[in-house]
Amino acid sequence: MKIVKSISFYASIVLMMLFAFVFGVVECRTMLSGDWMLYQNVGAEFIGYLFRFLFFASMIGFGVFLIIVHIKHIKLSVVWTYVFVAFVIGSLFTFFFYEWYIGLIICLGNNFLLGSSILKLTRK
């Protein structure tokens with residue numbers, strides 16, 4: 001059972017990171033190609049694309065962080081749980097930028113990161 005739990009942990013983290021990578025590439029491509037210059041408020045659109053790219057890049061970073069913490073058996077502090085709670089709250093804003101099912105996947109992925117950090121925090 002422990003092996004199945006570890007495999008599902010790593011598989012879901014990697015799947016969430018892959019999803020974040022795909023959307024990060026799309027946002028970065030849109031930002032670098034200059035599509036944001038077609039909108040009426042150019043500065044706001046550039047900032048929007050930049051922050052969405054940074055959000056997906058930080059999702060990948062925290063996924064890698066959780067994998068390293070899990071492999072090295074490092075105990076997390078409470079501060080990291082607050083960081084993951086902030087990620088879940090931030091992922092709720094993706095419902096404004098994407099279709100509802102994409103926002104739901106992003107929100108569930110971040111909820112899994114939060115749950116994993118809480119399990120790692122309470123594990124002795």
Side-chain angles (χ1 to χ4, degrees):
M1 188 65 180
K2 200 177 229 186
I3 293 172
V4 172
K5 196 185 299 185
S6 290
I7 289 173
S8 65
F9 173 78
Y10 289 125
S12 57
I13 289 286
V14 168
L15 186 66
M16 188 267 317
M17 287 171 41
L18 179 68
F19 190 77
F21 177 75
V22 168
F23 273 93
V25 166
V26 167
E27 295 294 336
C28 186
R29 186 213 57 86
T30 306
M31 184 177 61
L32 294 177
S33 70
D35 285 352
W36 48 273
M37 288 191 267
L38 299 173
Y39 293 100
Q40 188 166 357
N41 194 346
V42 177
E45 290 300 322
F46 177 76
I47 296 294
Y49 282 121
L50 178 68
F51 280 128
R52 283 184 292 224
F53 169 72
L54 290 175
F55 178 73
F56 290 122
S58 58
M59 276 177 65
I60 294 170
F62 280 119
V64 169
F65 173 74
L66 261 181
I67 289 174
I68 290 172
V69 163
H70 194 263
I71 288 174
K72 293 192 175 200
H73 302 292
I74 300 171
K75 187 167 175 14
L76 290 176
S77 67
V78 177
V79 175
W80 287 107
T81 302
Y82 293 132
V83 169
F84 290 119
V85 167
F87 254 102
V88 170
I89 293 170
S91 68
L92 293 175
F93 288 104
T94 60
F95 286 106
F96 296 121
F97 299 110
Y98 301 108
E99 293 292 327
W100 68 270
Y101 50 88
I102 295 173
L104 183 65
I105 292 172
I106 294 169
C107 190
L108 289 177
N110 282 325
N111 280 331
F112 182 76
L113 285 177
L114 173 67
S116 299
S117 69
I118 289 174
L119 286 175
K120 191 66 180 170
L121 180 69
T122 58
R123 190 181 306 160
K124 299 274 180 184

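Here the structure is a predicted model, which is why all the values come from computation and not from measurement.
Counting heavy-atom neighbours within 6.0 Å of Ile3 CD1, excluding the residue itself, gives a total of 12 or less. Counting non-hydrogen atoms of neighbouring residues, nucleotides and ligands closer than 6.0 angstrom, the CZ atom of Phe95 exceeds 12 such neighbours. Remark: Tyr10 OH is packed, more than 12 non-hydrogen atoms of other residues, nucleotides or ligands lying under 6.0 Å away. At most 12 heavy atoms of other shown residues, nucleotides or ligands fall within 6.0 angstrom of atom CZ in Phe21.
Phe55 does not carry Arg52 over the face of its six-membered ring by the limits of under 6.0 Å from the centre and within 45° of the normal.
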Worked verdict on Ile67 versus Met17 for side chain to side chain contact (heavy atoms under 4.5 Å, CB included) | CA-CA 11 Å; Ile67 289 174; Met17 287 171 41; 4.3 Å; yes
Begin with the C-alpha distance, continue with both residues' side-chain angles, and end with the deciding distance and a verdict on side chain to side chain contact (heavy atoms under 4.5 Å, CB included) for Arg29 and Asp35.
-> CA-CA 9 Å; Arg29 186 213 57 86; Asp35 285 352; 3.9 Å; yes
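Between Phe19 and Phe23, the ring planes are tilted. Angles from 30° to 60° get that label. Ring geometry for Tyr49 versus Tyr39: interplanar angle of 30 to 60°, hence tilted.
Ser58 is listed as a side-chain neighbour of Phe87, based on a closest heavy-atom distance under 4.5 Å. Using a 4.5 Å heavy-atom cutoff, the side chains of Met59 and Ile106 are in contact.
Taking the side-chain contact (heavy atoms from CB on, under 4.5 Å) definition, one finds that Leu18 meets it with nothing, sequence neighbours left out.
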